Number of protein chains: 2
Amino acid sequence: MCQDRDVQTDRDACCGLARQPLDSAGAERIAPMFKALGDPVRLRLAALIASDDEVCVCDLTSQFTLSGPTISHHLRVLREAGLVECERRGTWVYYRIRPEALGSLGALLQVG
Amino acid sequence: MCQDRDVQTDRDACCGLARQPLDSAGAERIAPMFKALGDPVRLRLAALIASDDEVCVCDLTSQFTLSGPTISHHLRVLREAGLVECERRGTWVYYRIRPEALGSLGALLQVG
DNA sequence: TCACTATTTCGACAAACGTCTATTCAGGGG
DNA sequence: CCCCTGAATAGACGTTTGTCGAAATAGTGA
């Protein structure tokens with residue numbers, strides 16, 4: 001072990017994670033958001049949703065070779081993590097990104 | 001469903017995810033990093049490691065009520081995701097953050 | 001009312017995960 | 001050389017996850 005190093009880093013800069021101590025309760029609150037993005041299908045879903053103001057579920061499903069219920073399941077995970085929101089209009093359901101949620105996660109990671 | 005909305009967002013700003021299409025291969029490459037941060041223990045470990053230049057495993061283990069092997073397992077996940085690196089010096093092993101990895105994740109999420 | 005479509009929920013199942021204990025590996029000091 | 005300590009690995013076990021097909025729900029329109 002300890003051999004998987006191949007990148008040189010600048011040691012003095014670091015991220016928002018370094019600034020607050022992040023107690024156990026905070027970690028339990030935040031981790032589910034990262035977890036939601038930790039699946040390739042959900043990450044692509046999030047990117048697709050983020051790439052427009054809102055996206056219909058039918059347009060999401062058609063981008064994958066997965067069943068409708070599976071996409072629906074992943075959308076629910078993203079929704080329950082607070083990363084997206086949805087709205088039904090007629091037969092269709094439209095999903096939108098919640099930029100403030102993604103942004104707060106980003107701030108944790110961003111070098112400052 | 002569709003009731004879990006409680007925050008108002010500004011619709012025109014969004015994150016790096018929106019800018020590139022993020023194909024399947026890209027998602028498979030990036031998702032494991034989010035996944036690694038998607039566990040409360042690992043998120044706290046990352047925060048602890050980030051809060052200093054380097055941290056000894058013994059100082060990490062003492063912060064949790066988990067067994068040594070469990071901490072070691074989580075550190076391995078963070079390591080294999082490329083988020084941290086380690087170095088043995090004598091009996092002890094020290095972990096460091098890889099800020100460029102966290103930063104690139106952050107850029108994906110950050111509103112810009 | 002009935003049929004049709006879009007989406008979600010339910011129930012099942014294999015694979016992956018988080019945790020533990022027991023064991024092994026690496027270094028240091030008598 | 002042997003023992004002690006810090007850390008990682010191996011193996012086991014219960015839980016969670018990702019996926020599916022079948023069924024239920026919501027809305028449209030004849």
Side-chain angles (χ1 to χ4, degrees), chain A residues 1-5 24 27-28 30-46 48-49 54-81 83-96, chain B residues 1-5 24 27-46 48-49 52 54-81 83-96:
Chain A
M1 52 135 333
C2 288
Q3 280 81 341
D4 41 0
R5 294 188 293 141
S24 181
E28 304 266 358
I30 297 171
M33 303 194 212
F34 284 121
K35 189 175 194 172
L37 295 174
D39 176 274
V41 173
R42 287 195 294 267
L43 190 55
R44 278 179 68 201
L45 283 170
L48 285 167
I49 295 169
E54 59 181 17
V55 183
C56 176
V57 171
C58 58
D59 292 328
L60 294 170
T61 305
S62 65
Q63 304 275 337
F64 297 82
T65 55
L66 292 169
S67 70
T70 296
I71 298 298
S72 192
H73 158 72
H74 285 304
L75 288 171
R76 183 220 279 258
V77 173
L78 288 171
R79 193 157 23 91
E80 291 181 342
L83 299 176
V84 302
E85 59 192 353
C86 67
E87 177 187 346
R88 175 180 283 271
R89 284 205 303 277
T91 311
W92 296 276
V93 177
Y94 297 86
Y95 277 76
R96 283 190 292 269
Chain B
M1 54 133 333
C2 286
Q3 279 82 339
D4 40 1
R5 294 189 293 141
S24 181
E28 303 267 358
R29 197 184 69 252
I30 297 171
M33 302 193 211
F34 284 120
K35 188 173 194 174
L37 294 174
D39 176 273
V41 173
R42 288 195 294 266
L43 190 56
R44 279 180 66 202
L45 282 170
L48 285 167
I49 295 170
D52 216 329
E54 58 182 16
V55 183
C56 175
V57 172
C58 58
D59 292 329
L60 293 171
T61 305
S62 65
Q63 304 276 335
F64 297 83
T65 54
L66 293 167
S67 70
T70 295
I71 298 298
S72 193
H73 160 70
H74 285 304
L75 288 172
R76 184 220 280 258
V77 173
L78 288 171
R79 193 155 27 89
E80 291 180 343
L83 299 176
V84 302
E85 58 190 353
C86 68
E87 177 187 346
R88 175 180 282 273
R89 284 205 302 278
T91 311
W92 296 276
V93 176
Y94 297 87
Y95 277 76
R96 283 190 290 270

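Please read all numbers here as calculations on a predicted model, not as lab measurements. Residue numbers start from 1 in every chain, and the chains themselves are labelled A, B, ... in the order their sequence lines are given, proteins ahead of strands.
The two residues B:Glu54 and B:Arg96 make their nearest non-hydrogen contact at OE1-NH1, 3.1 Å. The minimum heavy-atom distance between A:Ala36 and A:Leu83, with the atom names listed, is CB-CD1, 3.9 Å. Heavy atoms only, all atoms of each residue included: B:Pro40 and A:Glu28 are closest at CG-OE1, 3.9 Å. Minimum heavy-atom separation, A:Asp39 to A:His74: OD1-CE1, 3.8 Å. Scanning all heavy atoms of the two residues, the minimum distance from A:Leu43 to B:Ala27 falls at CD2-O, 4.0 Å. For the residue pair A:Ile49 and A:Val55, the shortest heavy atom distance occurs at CA-CG2, 3.8 Å.
Near-neighbour residues of DNA chain C inside residues 33-45 of chain B, defined by a heavy atom below 4.0 Å, number-ordered: B:Lys35, B:Asp39, B:Arg42.
Across all strands shown, A:Leu66 has heavy atoms under 4.0 Å from sugar-phosphate atoms exclusively, and none from any base. Within 4.0 Å of A:His74, counting heavy atoms only, lie sugar-phosphate atoms of the nucleic acid but no base atom.
Nucleotide D:dT16 holds its C1' atom 10 Å from the NE2 atom of A:His73, rounded to whole Å. The distance between atom CG of A:Leu78 and atom P of D:dG18, rounded to the nearest whole Å, is 11 Å. Rounded to whole angstrom, the span from the CH2 atom of A:Trp92 across to the C1' atom of D:dT25 amounts to 17 Å.
When the nucleotides C:dT9, C:dT7, D:dA7 are ranked by their closest atom to the side chain of A:Cys56, C:dT7 comes out on top. Of the candidates C:dT19, C:dC20, D:dC20, C:dC20 carries the atom nearest the B:Ser67 side chain, counting heavy atoms from C-beta on. Across D:dG18, C:dT7, D:dT9, the shortest atom-to-atom separation from the side chain of A:Val93 is found for C:dT7. Taking every side-chain heavy atom of A:Tyr95 into account, C:dT8 is the closest of D:dC20, D:dA8, C:dT8.
Phosphate proximity of C:dG18 to B:Thr70: absent, as no side-chain N or O sits under 4.0 Å from OP1 or OP2. Remark: A:Arg76 is in phosphate contact with C:dT9, judged by side-chain N or O atoms under 4.0 Å from OP1 or OP2.
In this structure, A:Thr65 and B:Tyr94 both approach DNA chain D, and ranking their closest nucleotides by distance from the 5' end singles out B:Tyr94. Of the two residues contacting DNA chain D, namely B:Ser72 and A:Ile71, the nearest-nucleotide position lying further toward the 5' end is that of B:Ser72.
In this structure a side-chain-to-backbone donor-acceptor pair under 3.5 Å is present from B:Thr61 to B:Val57.
The SG atom of A:Cys58 lies 12.0 Å from the CD1 atom of A:Ile71; values are rounded to the nearest 0.5 Å.
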What protein N or O atoms touch nucleotides 24-30 of chain C N or O atoms at under 3.5 angstrom, if any, and at what distances?
none

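The cationic atom of B:Arg79 (NZ for Lys, CZ for Arg) does not lie both less than 6.0 Å from the six-membered ring centre of B:Tyr95 and within 45° of the ring axis.
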